[in-house]
Amino acid sequence: MSQEAFFEIGEILYQKYRQIRYSLLERLMPSKDIEILSKHFPYYVKLSPKNQKEFRKKLAYFISIKKFIPRGGLESVTREMIVLISATAVMVAYGFDSVNFLHFKKILVYPDNYYSTITKQYHKGEVNPKLGIIVVSWSNFVHGLGHAQDGINLGIHEMAHALKLENLIHYNNESNFFNPRTWKAFEDLANQEIALIDKGGESIFRNSATRNLHEFFAVAVEVFFERPAELKSARKDLYETLAVLLRQDPLVLFQEF
């Protein structure tokens with residue numbers, strides 16, 4: 001047997017194992033988790049029953065491979081925190097069958113804004129690829145979730161950063177899932193929009209998006225999920241490019257219900 005055939009068989013077996021584990025974890029998911037999703041996560045509620053089932057599979061698997069750690073005086077990370085933070089990650093990566101942010105093994109949760117000894121500033125959240133951690137402040141996360149149509153969502157923002165970084169990390173076989181041509185198209189459109197904002201032009205994106213391309217991507221993903229119809233109306237080319245890049249279109253997904 002050739003080495004290529006050996007690895008191909010290994011990949012097939014791994015994918016079968018992963019699907020079995022996904023299904024088993026979804027069946028064992030506590031009813032309380034589904035209740036949390038149904039009450040507090042609009043994206044899940046708007047999905048068709050078939051897509052809801054797929055979402056639960058991915059969510060159960062994501063939760064099973066992450067370690068949630070309380071920080072900044074937070075006594076514990078509650079089940080609600082775990083479910084909703086994980087659901088946000090699953091939503092952002094929903095279009096990719098095998099993307100589970102494998103590089104980021106730990107998720108740190110602070111009760112509120114926290115002081116970074118590295119930047120000497122207060123933060124609401126961050127992604128640290130060197131340490132393999134995603135950090136969120138719960139109060140800001142909840143605020144973003146509770147204002148689901150303003151295009152500002154801390155959870156989506158940080159998971160978008162993590163997704164972009166995961167695409168570049170090669171050791172865990174979870175990289176290069178962004179189509180290079182689509183990313184280039186997004187980059188060109190992003191640079192045009194940044195130039196427009198810098199000149200004082202009208203934009204659906206907030207000014208902080210102009211900091212750099214990485215920040216623009218995170219802000220754009222926030223707007224993509226929270227204000228999809230408005231983004232498509234204002235910048236159809238940018239919306240459609242993001243839909244291809246992320247392999248999902250919220251407007252189409254929700255229409256399938």
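Residue numbers start at 1 and run along the sequence shown.
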- Query: Can you name the residues that form a side-chain contact (heavy atoms from CB on, under 4.5 Å) with Thr210, not counting sequence neighbours?
  - Reply: Ile194, Ile197, Asp198
- Message: Please evaluate residues Val90 and Tyr43 with respect to the criterion side chain to side chain contact (heavy atoms under 4.5 Å, CB included), reporting the C-alpha separation (whole Å), side-chain torsions for both, the decisive distance (0.1 Å), and the verdict.
- Response: CA-CA 11 Å; Val90 172; Tyr43 179 93; over 6 Å; no
- Phe224: partners by ring-ring contact (aromatic ring centres under 6.0 Å, His included), with sequence neighbours left out: Tyr239
- Message: According to side-chain contact (heavy atoms from CB on, under 4.5 Å), who are the partners of Asp112, at least two apart in sequence or on a separate chain?
- Response: Ser139, Asn140
- Message: Enumerate the salt bridge (charged side-chain N to carboxylate O under 4.0 Å, His left out) contacts for residues 74-91, please, sequence neighbours excluded, ordered by first and then second residue.
- Response: Asp33-Arg79
- Query: Arg227: what forms a side-chain contact (heavy atoms from CB on, under 4.5 Å) with it, not counting sequence neighbours?
  - Reply: Ile204, Val223, Glu230
- Distance col, row Ile107:CD1 vs Phe101:CZ, nearest 0.5 angstrom, shows 9.0 Å
- With sequence neighbours left out, which residue pairs that include part of residues 158-168 fulfil the side-chain hydrogen bond (donor to acceptor under 3.5 Å, both in side chains) condition? His157-His161, His161-Glu215, Lys164-His214, Glu166-Asn172
- Linked, directly or transitively: Leu213 and Ile156 (ILVMFWY side chains, under 4.5 Å): yes
- In the single-linkage hydrophobic clustering (I, L, V, M, F, W, Y; side-chain heavy atoms under 4.5 Å), do Leu168 and Phe216 co-cluster? no
- Message: Any side-chain to backbone donor/acceptor pair from Gln248 onto Met91? Under 3.5 Å, distance only.
- Response: yes
- Query: Residues two or more places apart in sequence or in another chain: which of them pass ring-ring contact (aromatic ring centres under 6.0 Å, His included) with His40?
  - Reply: none
- Query: Asn100 side chain to Leu102 main-chain N or O, any donor-acceptor pair under 3.5 Å?
  - Reply: no
- Message: Does atom OH (Tyr122) have a neighbourhood of more than 12 heavy atoms from anything else shown, all under 6.0 Å?
- Response: no
- Query: Looking at residues at least two apart in the chain, or sitting in another chain, which of them share a side chain to side chain donor-acceptor pair (under 3.5 Å) with Ser203?
  - Reply: Glu193
- Check whether any side-chain heavy atom of Leu84 lies under 4.5 Å from a side-chain heavy atom of Trp138, and answer yes or no. yes
- Hey, is NZ on Lys66 packed in by over 12 heavy atoms from elsewhere, all under 6.0 Å? yes
- Message: Can you confirm whether Glu187 sits close enough to Lys184 that some side-chain heavy atom of one is under 4.5 Å from a side-chain heavy atom of the other?
- Response: yes
- When the ring planes of Phe217 and Trp183 are compared, do they come out parallel, tilted or perpendicular, using 30° and 60° as the limits? perpendicular
- Would you say the side-chain atoms of Glu222 pair up with the backbone N or O of Asn153, donor to acceptor, closer than 3.5 Å? yes
- Message: Suppose we screen for ring-ring contact (aromatic ring centres under 6.0 Å, His included). Which residues come up paired with Phe177, at least two apart in sequence or across chains?
- Response: Phe96
- Task: Would you please name every residue forming a side chain to side chain donor-acceptor pair (under 3.5 Å) with Ser208, sequence neighbours left out?
- Result: Arg206
- Query: Is any side-chain heavy atom of Ile36 less than 4.5 Å from a side-chain heavy atom of Phe41?
  - Reply: no
- Decide whether Leu251 and Val221 are clustered together by the hydrophobic rule: side chain heavy atoms of Ile, Leu, Val, Met, Phe, Trp, Tyr closer than 4.5 Å, transitively. yes
- Should we say atom NZ of Lys105 is surrounded by more than 12 heavy atoms from elsewhere, each under 6.0 Å from it? yes
- Side-chain heavy-atom pair Val77, Ile85 within 4.5 angstrom cut-off: no
- Flag the pair Ile134 / Met159 as yes when at least one side-chain heavy-atom distance between them is below 4.5 Å, and no otherwise. yes
- Got a second to check how far Ser137's OG is from His143's NE2, nearest 0.5 Å? 11.5 Å
- Phe62, Tyr61, Tyr44 screened by ring-ring contact (aromatic ring centres under 6.0 Å, His included) with Phe55, the one that passes: Tyr44
- One should read off an interatomic distance between Ser175 OG and His170 NE2, to the nearest 0.5 angstrom, of 5.0 Å
- With distance as the sole test, does Thr241 use its side chain to make a donor-acceptor pair with the main-chain N or O of Asp237 at under 3.5 Å? yes
- Item | Steps toward side chain to side chain contact (heavy atoms under 4.5 Å, CB included) verdict (Asn179, Val244) | CA-CA 9 Å; Asn179 180 283; Val244 174; 5.9 Å; no
- Task: Check the hydrophobic clustering (I, L, V, M, F, W, Y; side-chain heavy atoms under 4.5 Å; chains of links allowed) and say if Phe68 and Val83 are grouped together.
- Result: yes
- To the nearest 0.5 Å, how far apart are CG in Leu154 and CD in Glu126? 11.0 Å
- Task: Give a yes or no answer on whether the side chain of Lys58 reaches the backbone of Tyr94 with a donor-acceptor pair at less than 3.5 Å.
- Result: yes
- Across all chains, not counting sequence neighbours, the side-chain contact (heavy atoms from CB on, under 4.5 Å) partners of Gln192 are Leu189
- Message: If we check side-chain contact (heavy atoms from CB on, under 4.5 Å) with Leu37, which of these qualifies: Val45, Leu59, Leu47?
- Response: Leu59
- Message: Clusters formed by hydrophobic residues whose side-chain heavy atoms approach within less than 4.5 Å: which one holds Val135, and what are its other members?
- Response: Ile69, Leu108, Tyr110, Tyr114, Leu131, Ile133
- Query: What's the spacing between Leu242 CG and Arg247 CZ if we round to 0.5 Å?
  - Reply: 14.5 Å
- When rounded to the nearest 0.5 Å, the distance separating NZ of Lys53 from OG of Ser48 is 12.0 Å
- Query: Is Phe178 reachable from Ile169 through a run of hydrophobic residues whose side-chain heavy atoms are each under 4.5 Å from the next?
  - Reply: no
- Message: Looking at His147 and Ile152, would you say the former's side chain and the latter's main chain have a donor-acceptor pair under 3.5 Å?
- Response: no
